[in-house]
Structures are given as C-alpha cells and as structure tokens.
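Residue numbers begin at 1 in each chain, while the letters A, B, ... track the order of the sequences.
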Amino acid sequence: MATMYGRLGRRNILQQLPRILCRHIHNSSRLHQFNKFISNLIRSGRLSEARALFDSMEHRNTVTWNSMISGYVHGREIVKARQLFDEMPQRDIVSWNLIVSGYFSCRGSRFVEEGRKLFELMPQRDCISWNTVISGYAKNGKMEQALKLFNAMPERNVVSSNAVISGFLLNGDVHSAVGFFKKMPERDSASLSALISGLVRNGELDMAAGILHKFRSEDDGKDDLVHAYNTLIAGYGQRGQLEEARLLFDETLDDRGGENKDQRRLRRNVVSWNSMMMSYVKAGDIVSARELFDRMAERDTCSWNTVISGYVQISNMDEASKLCREMPSPDVLSWNSIVSGFAHNGNLNLAKDFFEKMPHKNLISWNTMIAGYEKNEDYKGAIRLFSQMQLEGERPDKHTLSSVISVCTGLVDLYLGRQIHQLATKIVLPDSPINNSLITMYSRCGAIADACTVFNEIKLYKDVITWNAMIGGYASHGLAAEALELFKLMKTFKIHPTYITFISVLNACAHAGLVEEGRMQFKSMITDYGIEPRIEHFASLVDILGRQGQLKEAMDLINTMPFRPDKAVWGALLGACKVHNNVELALVAADALIRLEPESSAPYVLLYNMYANLGQWDDAESVRMLMEEKNVKKQAGYSWVD
DNA sequence: GTAGGGTTAG
C-alpha cells in the first residue's frame, strides 16, 4: 500500500479502489487525525476537552483509547483511567503498560499492589512492562522489589539499569548508585544524566562534577554530554554557586561548533542557555540574565519564561508584562509568573485581570491567585476563588490548602478552619507541612487543644516550624509553663531554635513574669545559638522588665538597644506604666507612640484611663480634648474606663 | 498511545 501511495498519489488510489475501501481509508485518516488531536490536547493539559472529543467520536481504535488512558494516567486520575481500561473492547500491550504505569505513579501501597497485580495478569510482557514496574517500585521507595524484578527480567536494556540508578538516588542511596553506574555493562547519555541529576538532588554537586569530567575524559565520545552538563549548571545555579555554573557553561561549546569529537558531545543547546540564565536570575543578577537572553540565537518558551521570572523577582512588572506580550506563544507558565508578580507587588487588581484573561489555567494558576489574595489579606476574595476553583473541577492540593488555612487564620474562622482541616485529611499525607499551618490556625482561633492534637499526631517529622508554631501557640495563650517545657523538649530532639522560637519563648516569660528566665533565654539565644537579637526580642524584654515594675531598666534598655524603638516596644512600656501607675514614663511612651501612629487612639485611651484611675480628672479631660483637637477617633474595642 | 535523564510558574 505504501508503495502504491508513493507511485500514484492519493487521489489516483481513491479512484481505483472500491468505494467501501475508499471510505475505510477516508475514515482511518480521519481517525488518525482525531487521535493526533486528542494527544495534542492531552499534551497541553486540556484533559476535559480531550475527553469531550473522545466521547463525541463515532469510531475509535485502540490508539484512541490508549491516548485517553495516557491522559488520565498523566493527570493522576487512575480511577478514570481504569474505567476506560475496563471498558475498552480490545487491549494491546500498550494499554496494559499504561494502566500499570498509572497505578505505580500514584503514591500509596494500595495502588502499588494493584499495579503489581495487573502486571501479573498481563497476557504478555515486553521490556517496557518490566521497566515500568521497576521504576514504579523505585519511585515508591521499594528498592528491594525493584532490584528483585531487575534480576528476574528475561531481557534487560539500558533503560532498566537507568531506572535502577534513578531509584537508588531517589531514595538517597548515593553510594549504591555510583557503584551500580560503574559496574554497568552499557551506558548511554541518559545513564550519566540520571546519575548527575540524582547526585545534584542529594546535594553532591562536586562529586557530580568529578564524575562528569572523568566520564568526559574517558568515554569514547559517542555520547551527548550536554544533558548532564545542563543538569549540573542548573544545580549549581539553584544553590547560588554562580561561579561553578559559569565555569561549566563555558565548557560547553558554541551552538554552531565544528565537527570534532568533543564539540559534537558538548554542543550547547537552548537548555544550557536557559540553565545559565536561571542561575543568574537566582543570584539576582537580572542584567547578566538579560544579556544572555539577548545573545541567544534560538529561544524557546522556557527562555522567555526564565527571563520574565527574573523581572518578576525584582518587581519590574512593566518589563515582565512587556516580554509576555512580545513572546511568540506565552504558555500557562508565563501567565502564572505575571499573575504572581502582580500579586506579590500588592497589585491585586492587575493580578486578577491577568488571571481572568488567561487562555488556560492550571492548578498552579489557581494556587497563585488564591495565595495572592491571602498575602494581600483579601480573605473573602481568597475564599470566593477557592469555591470557584472547585466548581470548575480543579482539585485543591497541599499548596491550595496551605493558603486557605492561612486565610482561616487571618479571618479567625474556626468553623471554616475545621472544614478545611477535614478536607486536608483526604488530600494530603498525614505528615506534611500543612500541619504547621493548622497548628497556627487553631491556636490563633483560640482552639489550643486542637492545635495540640495536631502537634501530637505528627509522628514522623516535626521541623523547626512545627515546634515554633506550637510554642508560639502556648505563649500567646499565656501558657508559659507549657511553652517553656516544649522548648526544652525541642532541644532534646536536637532541633535548632530560630529567632522566631525565641520571640515565643520570651513572650512566654513575659506572660509568666519570669524576669530571670527571660534574661537568661535572651543571653542564651545570643551566646549558645548565635542568633542576633531583633527588635521583637527587645520588645519582649521590655515587656518582661516592665511587668515586674523594673521600668527604669526597661527604659534604659530602650535607650541602649541597637534599634529605633517601634510601636511594640513603646506599647510594652506603656502597658507596664499603666499597671505600675508610672505617669511620667507613660507620657514618654505615649508621646512616642503618637508620633509613630498619629491616627491611633490607643495611647490616648490608655493615658486617659491612667489619669482617671488616679483620680486626676483634669488631666484625663485634657487628654480627651487633645484627642479631639488632633481629630483622633476612638476605635471600637478600647474602653474609657478599666 | 507505554519505561530512564535537562531549564521556567504556586
């Protein structure tokens, strides 16, 4: 048939064939086009549109079904993939490989077991089937199983070995990976890249550089090394080691280099440029990044997106949006960067405009916009968008939930908070950073017991943020003993406290009136942990001294500390003056506070109440008049009497 | 349409 096509051309064939066959060819080429269209839609993440097309098709072949299954597998929708797999009239080996791969790419042993079961049920297996399961086990941290299958498979190829290398490195076993690589009978450029990228992920950049250079000097030169170079350039770039990145970039050769062995292997490509550009962006050197961008002979979407992200990072939104308009085909990433840039700039309206105008949104688009609302304290907007996203069929993930929990914290909405917590238990792994936001949310909402429950249910991994959240929760509830006890416990777990930990610890001391403990902790922070005291720590110390009536010491501290006192510092002093009826210093503190925040009524009210308590009604009245004169409005929640 | 390796957005 192919040769007939070639000789006669399509039209002649159609004229010579019986009509029914004609129709078949017509249909099959249409079918082929439909299939291509479906896979294009899936490639650009437009899964529901692909499904609509799939449903509307009159004729489907195995490829059609497989494409749709592959879409669901990539979209992590294993249930839908399985439904199609069960429904399809005929399954070939690709269908089986797809569904097995689908189960293995879902986390959780339930899925892994189902994938393995299907693998066992397969009518026949090829190398791809085995490799799918090997890498599936490796990705789920089951290297023993992966190796067992690797040894059991009837025929191996280099992909099988590469999957094992990646597996070792995914599980942090650098030593085995390097050993395995060295003993491999056959390696290709992907083997080297797998090793290099895994080493980078495990922070072994210099080891990676050593192996790369050794490979380059020893190997026969048929392999393309630029992949591995690119990984390492990006790795150094990510870590801010700009000099190392640049040295490697300079080792790669000009795009149109000659034809000798090394030049073929090291020819720089668009990803090399992008990685180097990204390194500059990460280092904050957007001028050099732009220079590279302008020098590039060929740019892809990622090049544009990288330079755009650079401008977003330095808040040059004019240039960022100009580039987004100029670029040939902005994708969802470009749009997301712009939305994120405006949101971080506090320009929520423009962020919203761009968000609404986006041709396609993905989960990150929604998360960016929701986080934008949250950061700009438009909590209602965030909640509105959160509901809208679910109505439009987008499933929230840990990033979404993290923002929405912060929204609950901002709104002090315990009811909503509990609902989101409920939702989170269905979506997110039990041990996750989400718990940190939950602890903060519950304690800010006054539900310290719930915060405590969340804290205690974290079994595997509590990071310093977890401890900070819980200690801070106790401190803000005045539970000083609990806060200090937890702080002690944290140190026995060898968790290094941060400046935030000490803010809570000092606050706890203040609440409990523990002057000596507070002083001791302040000193320990500096000498034992090398943490520079910030103004918040001084404010706490002023609070501690003040509460104990050591007002003169507090004032001395304010005068000698290396910061210009802010409203927290003066507020602490003023509060202490009120408790200890020190009018003289109260006037100093109130005066300073009024200078810092002329529109705030709090210092006036406090002074008024002080005078009133002392029976100095004339002075009280003059404070009230001064307030009227300065046109300061009393805010709700402040009392004229105690 | 299926297995391993590179860059960009939350």
Side-chain angles (χ1 to χ4, degrees), chain A residues 35-36 38-39 42-43 61-71 73-74 92-102 104-105 126-136 138-139 157-167 169 188-198 200 224 226-235 237-238 269-279 281-282 300-310 312-313 331-341 343-344 362-372 374-375 397-400 402-403:
Chain A
N35 286 349
K36 262 178 92 170
I38 285 193
S39 76
I42 286 171
R43 249 201 303 276
N61 61 11
T62 312
V63 175
T64 324
W65 287 87
N66 287 348
S67 304
M68 202 58 236
I69 292 177
S70 126
V73 165
H74 282 118
D92 63 6
I93 194 161
V94 176
S95 330
W96 283 93
N97 288 343
L98 272 165
I99 197 69
V100 169
S101 138
F104 273 97
S105 52
D126 60 8
C127 211
I128 294 183
S129 327
W130 287 89
N131 290 345
T132 303
V133 179
I134 290 172
S135 84
K139 276 181 204 145
N157 60 16
V158 68
V159 178
S160 327
S161 306
N162 293 350
V164 170
I165 293 192
S166 303
L169 291 160
D188 65 4
S189 58
S191 327
L192 180 69
S193 292
L195 184 65
I196 299 297
S197 84
V200 167
D224 190 10
V226 79
H227 239 86
Y229 264 90
N230 294 345
T231 316
L232 198 50
I233 291 170
Q238 288 280 6
N269 62 19
V270 66
V271 180
S272 327
W273 287 89
N274 291 348
S275 302
M276 192 61 227
M277 212 160 53
M278 182 274 291
S279 306
V281 167
K282 276 270 152 26
D300 63 5
T301 307
C302 183
S303 326
W304 288 86
N305 287 344
T306 303
V307 76
I308 287 175
S309 83
V312 164
Q313 195 181 282
D331 63 359
V332 66
L333 249 115
S334 334
W335 286 87
N336 287 348
S337 296
I338 299 291
V339 170
S340 150
H344 280 112
N362 62 12
L363 181 56
I364 296 186
S365 324
W366 290 96
N367 288 349
T368 306
M369 198 60 226
I370 292 174
E374 191 272 319
K375 286 277 170 298
D397 70 350
K398 57 180 177 178
H399 298 281
T400 330
S402 163
S403 295

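- Put simply, the side chain of A:Asn269 and the base of B:dG6 share a donor and an acceptor less than 3.5 Å apart.
- Using modelled atom types, one side-chain atom of A:Ser67 and one backbone atom of A:Val63 make a donor-acceptor pair closer than 3.5 Å.
- Within the nucleic acid shown, A:Thr231 comes within 4.0 Å of sugar-phosphate atoms alone, with no base atom in reach, counting heavy atoms only.
- Residue-level contact check: A:Asn35 touches neither bases nor backbone, having no heavy atom under 4.0 Å from any strand.
- One finds no side-chain N or O of A:Gln238 lying less than 4.0 angstrom from the OP1 or OP2 phosphate oxygen of B:dG6.
- The base of B:dA3 is paired with the side chain of A:Asn157 by a donor and an acceptor separated by under 3.5 Å.
- The base of B:dA9 lies close enough to the side chain of A:Asn362 for a donor and an acceptor atom to sit less than 3.5 Å apart.
- No hydrogens or angles were tested; on distance alone, nothing pairs the side chain of A:Asn274 with the base of B:dG6 as donor and acceptor under 3.5 Å.
- In this structure, A:Asn162 contributes its side chain and A:Ile165 its backbone to no donor-acceptor pair below 3.5 Å.
- Within the nucleic acid shown, A:Ser67 comes within 4.0 Å of sugar-phosphate atoms alone, with no base atom in reach, counting heavy atoms only.
- If you check every strand for non-hydrogen atoms under 4.0 Å, A:Lys375 touches nothing.
- Across all strands shown, A:Asp92 has heavy atoms under 4.0 Å from base atoms, whether or not it also approaches the sugar-phosphate.
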